[in-house]
Each structure stands twice: as C-alpha cells, then as structure tokens.
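Every chain is numbered from 1 and lettered A, B, ... according to where its sequence line falls, protein lines coming before strand lines.
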Amino acid sequence: MTLVYHRDIIPLIHTPEPGRTTREHGTGGTFAMRLSQAFGKTLREQPAEVEMASHGLMLRAGLISKLASGIYSYLPLGWRSVRKIQDVMRKEMNAIGGQEINMPVVNPGDIWKESGRWDEIGPEMARFKDRSGRDMCLAMTHEESVTDLARRFIDSYRQLPCVVYHIQTKFRDEPRARGGLVRVREFTMKDAYSFHTDQADLDRYYPYMCTAYERICRTCGVPVVKVLSDVGMMGGSMAHEFIYLTDSGEDTLILCPECGYAANREVAMFNKTPEQESAPTGENQAPVEKVHTPGKDTIASVTGYLGVSPVLSIKTMAYFTQEDNRLVIALIRGDLDINERKLANFVGTSQVRLASPEELGAHGLVQGFMSPVGVGHLEVTVDDSISPEYSYVAGANEKDYHFVNVVPGRDFSLDSVADIAAARDGDLCPVCNAPLVQARGIEVGNTFMLGTRYSKSMGANFQGEDGALKPLVMGCYGMGVGRLLACIVEENRDEKGISWPITVAPYHVHLLSLGTGSQVIEIAENIYDKLGQLGVEVLYDDRDESAGVKFNDADLLGMPIRVTVSKRSLEAGGVEVKLRAGEESMIVPLDGFEDKISGLMRHEFSRFVPEG
RNA sequence: CGGGGAGUGGCGCAGUUUGGUAGCGCGCAUGGUUUGGGACCAUGAGGUCGCAGGUUCAAAUCCUGUCUCCCCGACCA
C-alpha cells in the first residue's frame, strides 16, 4: 500500500523493464535498494589523497565524498550506517535515563562570553556577525547552550538528577584535517549532559555512562579502552577517553599490560624511582661548586663528561604561556622529559611553548647551560622527581660552565613542586610497577566530570533541600558519530574491502544475480521481494555486470550476508549463501531459504550485541 | 604557524627538464560478442592543463602572484 501511494505521488524515475517486479522501490525504499539505481558508485582505484585504510575504503565504497578539507557529504550507503550508529547511541542513552533534545548549531556569542570561552578559545571557533552586528559563532560543542537550558528549566533538587543528549553537527576549524573522517572540521557528535545536586551524585552516575559507551562501541564492532585523559578546553575535574587502539591513531596512550592502568600520555603518571638507586647525599652536603664543561650543552654530554648518572642532573627548561606570555621555568631530573600538557595545566595556561634562544638571551638565560640556581625571581615549577635528598649537576647559566653539588631546597626553592614529567615506553606503572607500554589510538568518545565550571559562570543554580541556592554539578559525554564510523571500517575490513558488523551495516544482505537467464532473474527478484517483506534489508545487485565485478563490489561494500543466484547455484539445488566474514559458502535450497537467512542474521547480531 | 609535495576529462596517471596548442588506463555512452572473481571488439562523448597576470610569433611547459588539496613537524637546552 505504501507502494501505491509512492507511485501516485512521485512518477517513477526509473521505469521497470518488462519481466521485472513492480516492487521497484521495495518496501517503501527503506529495506531494499537496487544497485542499478543507487546514487553513487564504487571506485576501482584508491583516490590519491588517501592515507588511512578506512578512508580509502569509505571513498571506494561510495560511503562519503569530500566537499572541502575536513568537510564531507554522506552518500546513501554511508548515511544508512550513520543512522544506525546514531540509533545504537540513542538506545544506550535512553537506557541510562537520557532524554533526546536538539540544540542549535548557530550560537549567540553572548553565552560563550558568559562562560568565558569566547576569549579562551582561539581561531578553531568559527565566528561571524549577524546582520545587526551581533557576535555569533558555530558551536564547537554545546556546554553553553545546555547550561542555558538548565538554568531556565531546572529550579529544584526535585528535578535532579537529569540527563539530556543530542546528536548534532559541530564545527571546529581544525588546523589540519586528516585521515578521512578521523579528524574533520564539520562533524556530528552525540553529546550527553547530566545534572546533579552534588559531586557524589555525579560520581554515582558517571560509571553508568562509561558502561553505555563501552556497549555502544561493542555493538558497533569497535574495541575500545578507557583511559584517563586531560580535561582540555572543557575544564572540570576528571575525564576519560574511549580509545580505539590502532597505529594510525593520533593520540598516544600509556598502558600497563599487568594491572590495566591506562592513560593518555598527556596525563599519564609513572613511578619515577630510578633503576639504580644512588645513595642519598644526606647531611654532609658540600657547597655548590662551578666546574668548566666546555661545549657540554646537553644532559647526555655533560653527565658523560663529569662521569655522573643523568639521574643526578637537573634539566632546566624555559617556556612561555599562551595567553599572557609569562616566562615559566621548569626543572626536571636529567633523565626525564617535561610533559608540556601537565606543565601548562599546572601553571594555569592553555598551552606552553618553548622559549627561543633569542628570548632566553633577553632574559639573561644561557642556552645549554641554564640553571635552577639564581632564577628565584622567575616563576619556577619543579618536577617531583627532584629530591632534596640528593645533590645534582646543573647548569651554571654561564657558557661552558656547570654547577655540581646543587641541593634542591638549599640552592633553589622547592615551593612549587608538581608532576610535570612525560611518561615514556618502558617507564614503570604508577600502580603496579610493571613496565608501561606506549600505544597509538583514536579517541572515539570522552566523558568529563565538569563539576560547576559552567553552572557557576553562567548562573545555573537550583534550590536544595535546605532551601539554599547551589550551582548544578554537571557531567558531559561526547562521542563522534563519523569518527566511530571510521573506526568501524578501520577495524572491520580485509584486503578486499569492508566487512560490516551487521548492527551498523548499510544493509543486511547483498543479493546478486549472475547472468541474464530468465529463471535466475525471476528467482532473484522473488528473493528480493520476500526478504524485503520480512524486514530484511537487502541491497540487490541487479546490474548487468560480469561476475567478477559483482563479487568484487560485494566484497568491497561488505554487507554481512551475500546471496548469489546463478544458473550454477540453481543446478546445485538453490542459491549460494556466504558470510562476508567467513570463508566457505553454502548452497541453500529455496525451500526454507528465509529461515536460513534469519538464522544467519541472528548469529551475526549475536556477535556484536551485548547482553542485557 | 613552519617545512615538503601536488593541482592536466568523473578516478588514477604521463607530458613540463629541451615552449610548437594534449595523451594513456579505468569509468561513461552506443552496438555486438560474452557471463562464477574487476571480459572482449568496434564506435563515440568528455579537458580554455586550479586561477590571475607576465615573457614569447607561440605557454600545460618559462617567470610572478594567488587559491586549493595532501603529508610531516609542532621545536627537550
């Protein structure tokens, strides 16, 4: 009946040939599609711009098409997967109390000024003025909009906790888009926000969201690890990232294979106790002494020259802060490296950059021989690897000279000590002391305990049980739809093409007919109709192409179940059925064919859908 | 932002060094032969060589500028 309506209203674009079924558009075009009519096409060769496997496959399979750097269109097959991914997200969000809303892409600058991010965020936010000169921007994320909603509608603790989410377009003018859908400028993100009376309630809720994230990724066939992460531009107290491990990822993780400790390198901790323990220099500490160290301007060269371990040297670094261009000095044990992210967070800036040799000179600092001694007038941060129990070799801030017997606390201040060291492959786990390993990965999603970062600045308060007005305690939880799609393809593929998890495959079944024999066509059409009526999503390759082209396209497009109708299969007693992920094919008699397909579908779904 | 590379029919590329007005493969169209792993034959459509200036009798090719795309780096004293 849908069909009649459809045809009455819209003249057929494609007139069926005699002998073809009149079910040209299947059940309303939802469950079925003829490849001969599909918009888009497969590419035999990989476009030159491609670097990552998933990117090449998505272009070759006709899932996406690039409009500009980091800006993509989705073609019908890709969009079907996107919608399925979104539905997986909806299901899991709804299951933990989420209510779907939708917030605008275009924001007034005002709310971003209220939160303070109008000035904090740089050129990655696209800004413009409307016709009457008001500041506007494209939302990069929606904390401001959702906090505005919260302050309008949440008045009382009785309304808490509550969770809203939306799936919306965002724009970030990334300095460098790359990897197809992995890093783009315009993208779709599922964003959830939770509101709580206090931190304890957020603590209680947060694990539910983490579980939901793991379920989403599992359903989509993407293994992820949950790692501690930096709070970045979101602010707040604690954050995790859900990472798909792959060498082509752009995030660096530090993982402990023994106890499961996992963190983004930006925040990763480690046990800094050096392997060979030196005897503490203890009480009888000699006075600082200046020694001649000609040309020894690196830790390695100076410690080698003086015959001491780098562990007993101090590395002095000079940085400038992003916003106010403050000079900050960072001290760390000679065998370690500074983690600029940790340093920036500690000194309260969005980013630090290393001082240039000219800038060092302008501040009276000597490159290669910088010293912790005599910089007391500057802002100094000391890594907690440096111990007052020892005496160290350090620069003398004079060309070709170093100090020995430098004692922290005696010769320079230890007022400002923090962990600002970068964890590296092989460093020891902060929890269990096993060697850590470094890995690369793609950040699929993140979860933040925002706390009151936005509710305070934007005045989103509620009245507590005691009648007092308090700021809402918030959590926010993002997950990139397109990026997840890229990870799905990156993970579920082989040398021939994509091998979709059935949960997010554009179609369940790829039906193809070989040859032009009338019996073959008739049976294929019949199967197409029947499966469509059963709600099985069928992509039907009805093109007049050679067997090689059809099989190769089926492998490239990667639907989970392939059904081949041919003269040969009919002679063998039915149609050939093959799983994309498997090796063998089988002949299935037409009688009972539907049962066989639904059995295979159940089997395929069970591989990806978590229990419960 | 810094460094490197590339823009030539829809896609992949050659031609640029040594200026002489564009070619190959795939794809597309038409006809025919094929039909279980990217078939074959024939015919044909499609490009002001990213754009703008300049040099020259003549520019895809040389010069200048500009735009776009891709890759690498984001400086460890």
P spacing across the pair B/G23 / B/C49, given as an integer number of angstrom: 14 Å
Could you tell me whether A/Ala177 contacts a base, only the sugar-phosphate backbone, or nothing, with contacts defined as non-hydrogen atoms closer than 4.0 Å? sugar-phosphate
Quick check: on RNA chain B, is the nucleotide nearest A/Asp555 upstream (toward 5') of the one nearest A/Lys66, or the reverse? Name the residue that is more 5'. A/Asp555
Any donor-acceptor pair under 3.5 Å linking the side-chain atoms of A/Glu491 with those of A/Tyr244? yes
Could you tell me whether A/Lys290 sits above the aromatic face of A/Phe403, with NZ or CZ closer than 6.0 angstrom to the six-membered ring centre and within 45 degrees of the axis? no
Taking a pair to mean Watson-Crick or G-U wobble geometry with both distances below 3.5 Å, B/U21 pairs with none
If you restrict it to nitrogen or oxygen atoms, what contacts under 3.5 Å exist between nucleotides 3-7 of chain B and the protein, and what is each distance?
none

Contact nearer the 5' end of RNA chain B, comparing A/Phe369 with A/Arg178: A/Arg178
Checking side chain to side chain donor-acceptor pair (under 3.5 Å) between A/Thr252 and each of A/Gln438, A/Arg424, A/Glu266, A/Arg440, which is the one that passes? A/Arg440
Length of the line joining A/Glu495:CD and B/G38:P, which is rounded to integer Å: 15 Å
What does A/Met370 touch in the nucleic acid at a heavy-atom separation under 4.0 angstrom: a base, only the sugar-phosphate, or nothing? nothing
Any idea which of B/C71, B/A77, B/G37 is nearest the A/Glu51 side chain? B/C71
Results of side-chain contact (heavy atoms from CB on, under 4.5 Å) for A/Asn325 - residues two or more places apart only: A/Phe320, A/Arg353
Rounding to a whole Å, what distance do you find between A/Leu59:CG and B/C70:P? 11 Å
May I ask you to check whether A/Thr42 and A/Asp553 show a side-chain donor-acceptor distance below 3.5 Å? yes
Would you tabulate the nitrogen or oxygen pairs shorter than 3.5 Å linking the protein to nucleotides 31-36 of chain B?
{"from": "B/G36", "atom 1": "O2'", "to": "A/Arg568", "atom 2": "NH1", "distance (Å)": "3.1"}
{"from": "B/G36", "atom 1": "O2'", "to": "A/Arg568", "atom 2": "NH2", "distance (Å)": "2.3"}
{"from": "B/G36", "atom 1": "N7", "to": "A/Ser566", "atom 2": "OG", "distance (Å)": "2.9"}
{"from": "B/G36", "atom 1": "O6", "to": "A/Ser566", "atom 2": "OG", "distance (Å)": "2.2"}
{"from": "B/G36", "atom 1": "O6", "to": "A/Ser569", "atom 2": "N", "distance (Å)": "3.4"}
{"from": "B/G36", "atom 1": "N1", "to": "A/Glu576", "atom 2": "OE2", "distance (Å)": "3.1"}
{"from": "B/G36", "atom 1": "N2", "to": "A/Glu576", "atom 2": "OE1", "distance (Å)": "3.4"}
{"from": "B/G36", "atom 1": "N2", "to": "A/Glu576", "atom 2": "OE2", "distance (Å)": "2.4"}

Can you check the A/Lys550 NZ to B/G38 P distance for me, whole Å? 15 Å
Any base atoms under 4.0 Å from A/Ala422, or only sugar-phosphate, or nothing? Heavy atoms, all strands. nothing
Regarding B/G25, can its base be found pairing with the side chain of A/Glu45 as donor and acceptor, where the two atoms are less than 3.5 Å apart? yes
Could you identify the nucleotide paired to B/U43, looking across every strand shown and requiring Watson-Crick or G-U wobble geometry with both distances under 3.5 Å? B/A29
A/Glu186 and A/Lys170 ion-paired at < 4.0 Å: no
B/U43 versus B/A6 - spacing of their P atoms, nearest Å: 37 Å
Counting heavy atoms from C-beta on, name the nucleotide in B/G37, B/G25, B/A77 closest to the side chain of A/Asn552. B/G37
Any salt bridge linking A/Asp541 with A/Arg34? Criterion: basic side-chain nitrogen under 4.0 Å from a carboxylate oxygen. no
Between B/C51 and B/G19 - P atom distance, rounded Å: 23 Å
Take the protein atom CD of A/Gln351 and the nucleotide atom C1' of B/C1, then report the distance between them rounded to whole Å. 11 Å
Name the nucleic acid region contacted by A/Arg60, choosing base, sugar-phosphate or nothing; use a 4.0 angstrom heavy-atom cut-off, strictly under. base
Atom CG of A/Asp251 and atom C1' of B/A74: how far apart are they, to the nearest Å? 15 Å
Partner nucleotide, any strand, of B/C69 [Watson-Crick/G-U, under 3.5 Å]: B/G5
Applying a 3.5 Å limit to both distances, which nucleotide forms a Watson-Crick or G-U wobble pair with B/A14? none
Taking atom P in both B/U18 and B/C62, what distance in whole Å separates the two? 9 Å
If you check every side-chain atom of A/Glu49, which of B/C75, B/C70, B/G38 has the closest atom? B/C70
Taking the six-membered ring of A/Phe270, is the NZ or CZ of A/Lys272 close enough (under 6.0 Å from the centre) and on axis enough (within 45°)? yes
Between A/Arg178 and A/Glu250, is there a side-chain N and carboxylate O pair less than 4.0 Å apart? yes
Taking the side chain of A/Ala48 as heavy atoms from C-beta outward, which of B/G12, B/G38, B/A77 is closest to it? B/G12
d(CZ, A/Phe320; P, B/C75) in whole Å: 16 Å
To the nearest Å, give me how far apart CD1 (A/Ile420) and P (B/C76) are. 16 Å
Taking a pair as Watson-Crick or G-U wobble with both distances under 3.5 Å, which nucleotide is matched to B/U61? none
If you compare every side-chain N and O of A/Arg44 against the phosphate oxygens of B/G27 (OP1, OP2), does one of them come in below 4.0 Å? yes
Which of these nucleotides, B/C76, B/C26, B/C11, is closest to any side-chain atom of A/Glu340? B/C76
With a distance cut-off below 6.0 Å to the six-membered ring centre and an angular limit of 45° from the axis, does A/Arg80 pair with A/Tyr507 as a cation-pi contact? yes
So which nucleotide from B/C76, B/C69, B/G25 ends up closest to the side chain of A/Ala68? B/C69
Cation-pi, A/Trp118 ring and A/Arg127 (6.0 angstrom, 45 degrees): yes
Tell me what A/Leu360 touches on the nucleic acid: a base, only sugar-phosphate, or nothing, going by heavy atoms under 4.0 Å. base
Using whole Å, report how far CG of A/Leu327 lies from P of B/A77. 18 Å
